[in-house]
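This report refers to the structure that appears directly beneath it.
So that the names make sense, note that chain A is the first sequence line, chain B the second, and so on, each numbered from 1.
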2 protein chains.
Amino acid sequence: MPIITIKDIAKKADVSVATVSYVINNTRPVSPELTARILHAIEELGYSPNAVARSLRQKRTKMIGLIVPDSTNPFFAEIAKGVEDAGYEAGYSVILCNSNAEFERELVYLNLLQSKRVEGIIFIATTTHVEQICPIVKSSIPVVIFYRDIRGLDVDTFRINNFEAGYRGTRYLIELGHQEIACIQPLSPETPSGERVAGYQRAMEESGLTWRETLMPRGDNRLSGGKRAAEDLLRSGLPFTAIFSSNDTMAIGAMRTLREAGLRIPEDISILGVDDIILASYSDPPLTTVAQPKYEAGTQAVRFLIDRIEGNYQQGPRNVILNTELIIRKSCSHLK
Amino acid sequence: MPIITIKDIAKKADVSVATVSYVINNTRPVSPELTARILHAIEELGYSPNAVARSLRQKRTKMIGLIVPDSTNPFFAEIAKGVEDAGYEAGYSVILCNSNAEFERELVYLNLLQSKRVEGIIFIATTTHVEQICPIVKSSIPVVIFYRDIRGLDVDTFRINNFEAGYRGTRYLIELGHQEIACIQPLSPETPSGERVAGYQRAMEESGLTWRETLMPRGDNRLSGGKRAAEDLLRSGLPFTAIFSSNDTMAIGAMRTLREAGLRIPEDISILGVDDIILASYSDPPLTTVAQPKYEAGTQAVRFLIDRIEGNYQQGPRNVILNTELIIRKSCSHLK
DNA sequence: CTGTTAGCGCTTTCAA
DNA sequence: TTGAAAGCGCTAACAG
């Protein structure tokens, strides 16, 4: 089947291509007669405007790129939904890119998106290399970065105060009367979860409590990592009545191990996480956690992008610290 | 900053734009000297090829569209991941579209994708209207439809045998000795989940067991719907020892309610779902369920699309019935 | 209110 | 081995 273009419509309606363009985009008044003829021709021929041609001409693609480590992870899925929804509202389509947390793939996608001339990029980075986004920023494509501290570059960032999240969660445990509070750490302290551990330590110190490395096992940010960390804790033989887990996923994994070991939550051990992933509310018992906004962060990131795209924001980088919130569910109780 | 084009590169390297194009795409041998000069100029000027222009010229966008009801739903998220991965492998980007199960939004996206000249569309439809995809198919964009029976149109489809899934799951419960088996239904019987209920009924009848509407509450396919359905069940006062839930999501919601009511799973109540979403393996207890492939379905759908895009498949519609598999975990036990 | 036309950045045929 | 040039489908001056 031959491709129908604006030219075909023009011929069929016996007008110029310009006029067709004007009625399609409603960008100049056109007489009712011509409008009717054109609309009729469009209908008849089943014409679909070629957005590619239009993009080339206008230098606007009405597309944004979203790079996430894994769109299957409920945490990122929520953000992605926020992005898509806000994009839809504003007339932007989103290209979904999973980096699988691989540097290589992040780079490939970054270049691809630039090539495709998306008008903005939302990047949930795992590799902290500033260099890679530098050329993109230079190319004047607005970028929003999540959860990384990118200094000295004109990109907006969204982060949570991880230190405070850790601090606040730990304080809550302390207020419940706990003194021997273990901590499940991520593998590397140089991650968002790592900063939470510092908050944990500060809260402990401020209350005159001591933390010790033996009660701070590490896990790989997955359920299995949490299970293993809990095993380490049990094996250490040291007493503890509560656990601060640097994220929900590991907290849930740890709960499993604890229960398998015959411990009751929260009667024997209180446990608290950070993130508020969907699993947290459906775990048993439901996990008390320090929540951070996800969907809303996605929508606002798009708004930031569009501000810059449409030229409504010209100033320097905006660094948003998202508010955390303590969600009290059933996994923590007063020390008896 | 001025936009760098192939022309700038040509000038800087003192060659023709054609030659630049040839080295970029490696589509014609070019002498080492010129190649070096061109590469150097590209590097120096930070040139990024304009994929939009190329698409216009080649009439190929290397993009596919994915329409899902809700990318946040783990079930669709898995499919989406499969699509994205397979797309990445094959050099296709994917535009993510959430329809929110709204007819209007499906339609908008369908037209948008056509306008953007994606080369294929994977459509997880919620509204069964054949008419809406008809113009797309006519426009020769390959389409794959999930979970709907679209007859008389040249589109490939992927489905599972929902009846069999329901039948098989229920049979398993019966084999465990259960006789009073409740069923959590979707709101509408005209959905994939609805067909599963028919399988449930058949299995019951074949074993001489009776099903009754009062033990078949409906839910809205979400966790909260499952909770509510379980409440209905409890309120009915009727005895039951097992529940067949037409999908995992509602099963998990129901488990929650059941436990809050002091019932143990599986000791007091066995429960079985369909789908095998990620939450099913992380729920407590892990949910026994009839699984269907999701990620693999996503990757294969892309392969089907690409077959047609590249002209490797010219025949009529392919209708794939995906295999289901009973995954035995911990939520069902023998009736004592 | 309408039409003519240049040109967006690229690929690719044709010619050298 | 290289270059000139047409043209993909559209928008938006500019001219009438």
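If you check C/dT11, C/dG3, C/dC10 against the side chain of B/Asn25, the one that comes closest is C/dT11. Closest to the side chain of A/Lys59, from the set D/dG9, C/dG9, D/dT2, is C/dG9. Of the candidates C/dT2, D/dT2, C/dC10, the closest approach to any side-chain atom of A/Leu34 belongs to C/dT2. Checking D/dG9, C/dT2, C/dG9 against every side-chain atom of A/Asn50, the shortest atom distance belongs to D/dG9. Picking from C/dC1, C/dG9, C/dT11 the nucleotide with the shortest atom distance to the side chain of B/Leu56 gives C/dG9. Of the candidate nucleotides C/dC1, C/dC10, C/dT5, C/dT5 has the atom lying nearest to any side-chain atom of A/Val17. Counting only heavy atoms from C-beta on, B/Thr5 has its side chain closest to C/dC10 among D/dC10, C/dC10, D/dG3.
Judged purely by distance below 3.5 Å, without hydrogens or angles, the side chains of B/Thr191 and B/Ser188 never pair a donor atom with an acceptor atom. Between the side chains of B/Thr126 and B/Arg148, no donor-acceptor pair is found at a separation under 3.5 Å.
Among the heavy atoms of the strands lying under 4.0 Å from A/Val30 are primed sugar atoms or P, OP1, OP2 only; no base atom is included. When heavy atoms are screened at a 4.0 angstrom cut-off, B/Ser21 is found touching base atoms of the nucleic acid. Residue B/Val52 is classed as having no contact, given no heavy-atom separation below 4.0 Å to the nucleic acid.
The distance between atom CD of A/Glu33 and atom P of C/dC1, rounded to the nearest whole Å, is 10 Å. B/Arg60 places its CZ atom 14 Å from the C1' atom of C/dT11, with the value rounded to the nearest Å. Here D/dG7 presents its P atom at 19 Å from CD1 of A/Ile6, a figure rounded to the nearest Å. The separation between B/Asp8 atom CG and C/dC8 atom C1' is 13 Å, rounded to whole Å. Look at CD1 on A/Ile4: it is 11 Å from P on D/dG9, rounded to the nearest Å. Remark: C1' of C/dC10 and CD1 of B/Ile9 are 13 Å apart, rounded to the nearest angstrom. Taking atom NZ on B/Lys62 and atom P on C/dT11, their separation rounds to 14 Å, with Å as the unit. Rounded to an integer number of Å, the gap from B/Lys116 NZ to D/dC10 C1' is 14 Å.
Projected onto DNA chain D by closest heavy-atom contact, A/Thr27 and B/Arg57 fall at different nucleotides, the more 5' of which corresponds to B/Arg57. The residue among A/Pro29 and A/Ala18 whose nearest nucleotide of DNA chain C is located toward the 5' end is A/Pro29.
Side-chain N/O atoms of A/Thr19 include none lying less than 4.0 angstrom from OP1 or OP2 on C/dT2. For the pair A/Ser16 and C/dG3, the criterion of a side-chain N or O lying under 4.0 Å from OP1 or OP2 is met. In this model, the phosphate group of D/dC8 is not approached by any side-chain N or O of B/Ser55 to a distance below 4.0 Å at OP1 or OP2. Contact annotation: A/Gln58 does not reach the phosphate of D/dC10 (side-chain N/O to OP1 or OP2, under 4.0 Å).
Applying the 3.5 Å distance criterion, the base of D/dT2 shares a donor-acceptor pair with the side chain of B/Arg28. One can find a donor-acceptor pair under 3.5 Å joining the base of C/dT13 and the side-chain atoms of B/Tyr22.
Counting non-hydrogen atoms of other residues, nucleotides and ligands closer than 6.0 Å to CZ of B/Arg222 gives a total of 12 or fewer. The environment of A/Asn26 atom CG is sparse: at most 12 non-hydrogen atoms of other residues, nucleotides or ligands sit within 6.0 angstrom.
Checked for salt-bridge contact, B/Asp275 and B/Lys294 miss the test: no charged N lies under 4.0 Å from a carboxylate O.
In this structure, the ring of B/Tyr313 has its center no less than 6.0 angstrom from the ring center of B/Phe304.
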